[in-house]
Amino acid sequence: MLIPKKIKHRKWHKGRRHRIGIATRRLGVDFGSFGLKTLETGWITARQIEAARRAMTRFMKKGGKIWIRIFPDKPITTKGVEIPMGGGKGAVDHFVAPVKPGVIMFEIDGVAEDVAREALRLASHKMPVRTVIVSKDTV
């Protein structure tokens, strides 16, 4: 799974800015021919990214190349199940990648169009946000 090697602060504030507006970066299909683009705002966990990557590589067998354009660098903390209030912030549980509408999350190249679209469709089922498959010439 993807986790950062080093972060400046162990625990972050939850934040509100990532929930408003549309993306201004990572908008185009830059590396491959087809991409998976988000239509909603959300947090993509490292486990969901890994599940999508596995689904795509398993379907494509040994052909093609996959680019993962998002990285989970935001730490999410949780406290124990029956811990009373107080006692500070919980320990880091997992990492997420905040995404806004318009972000290209995955790209594929080196396979036929129908194979690429099916692989991205399988990956989209692992995502907690609505997505659309785009190609290099339509973006």
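Here the straight-line distance linking atom OG of S124 with atom CZ of R130 works out to 12.0 Å at 0.5 Å rounding.
Side chain of K74 to backbone of K14: a donor-acceptor contact under 3.5 angstrom is found. Listed for the K79 side chain is a donor-acceptor partner under 3.5 Å among the backbone atoms of G86. At distances below 3.5 Å, not a single donor-acceptor pair connects side-chain atoms of Q48 with backbone N or O atoms of M127. Between the side chain of T38 and the backbone N or O of K100, at least one donor-acceptor pair lies under 3.5 Å. Looking only at distances, no side-chain donor or acceptor of E118 sits under 3.5 Å from a matching main-chain atom of V115.
Using a 4.5 Å heavy-atom threshold, the side chains of I70 and I49 count as touching. Residues I68 and M105 have side chains not in contact (no heavy-atom distance under 4.5 Å, counting atoms from C-beta outward). For the pair F34 and R117, the minimum side-chain heavy-atom distance is below 4.5 Å. Side chains of F71 and P4 form a contact here, defined as non-hydrogen atoms less than 4.5 Å apart. At least one side-chain heavy atom of D30 sits less than 4.5 Å from a side-chain heavy atom of R69. No side-chain heavy atom of V29 sits under 4.5 Å from any side-chain heavy atom of S135. I44 has its side chain within reach of V129: a pair of non-hydrogen atoms, C-beta onward, lies under 4.5 Å apart. A 4.5 Å side-chain heavy-atom check between I7 and F95 finds at least one atom pair inside the cut-off.
Listed by first and then second residue, the side-chain hydrogen bond (donor to acceptor under 3.5 Å, both in side chains) pairs involving residues 50-59 are E50-R53, E50-R54 (not counting sequence neighbours).
Heavy-atom minimum distance, M56 versus A119: CG-O, 3.3 Å. Scanning both residues, G102 and L27, for their nearest heavy atoms gives O-CD2, 3.5 Å.
The side-chain tip of K65 points at the ring of W67 from less than 6.0 angstrom away and within 45° of straight on.
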- Item | side-chain contact (heavy atoms from CB on, under 4.5 Å) between I104 and V134, intermediate numbers included | CA-CA 9 Å; I104 303 291; V134 294; 3.8 Å; yes
- Item | Test log, rule side-chain contact (heavy atoms from CB on, under 4.5 Å), inputs I108 and M60 | CA-CA 10 Å; I108 289 183; M60 292 187 341; 3.8 Å; yes
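Looking at residues two or more places apart in sequence or on another chain, you find a side chain to side chain donor-acceptor pair (under 3.5 Å) between H125 and R121. The side-chain contact (heavy atoms from CB on, under 4.5 Å) test applied to K89 returns K11, T77, not counting sequence neighbours.
A continuous path of ILVMFWY side-chain contacts below 4.5 Å connects L122 to F106, so both sit in one hydrophobic cluster. Cluster membership for F31 and V103, using ILVMFWY side-chain heavy atoms within less than 4.5 angstrom, is not shared. Under the 4.5 Å side-chain heavy-atom criterion for grouping Ile, Leu, Val, Met, Phe, Trp and Tyr, I3 is connected to V92 within one hydrophobic cluster. At a threshold of 4.5 Å between side-chain heavy atoms, the hydrophobic network of Ile, Leu, Val, Met, Phe, Trp and Tyr places L2 and L36 in one connected group.
Counted within 6.0 Å of CG on L39, heavy atoms from surrounding residues, nucleotides or ligands total more than 12; the atom is thus considered enclosed.
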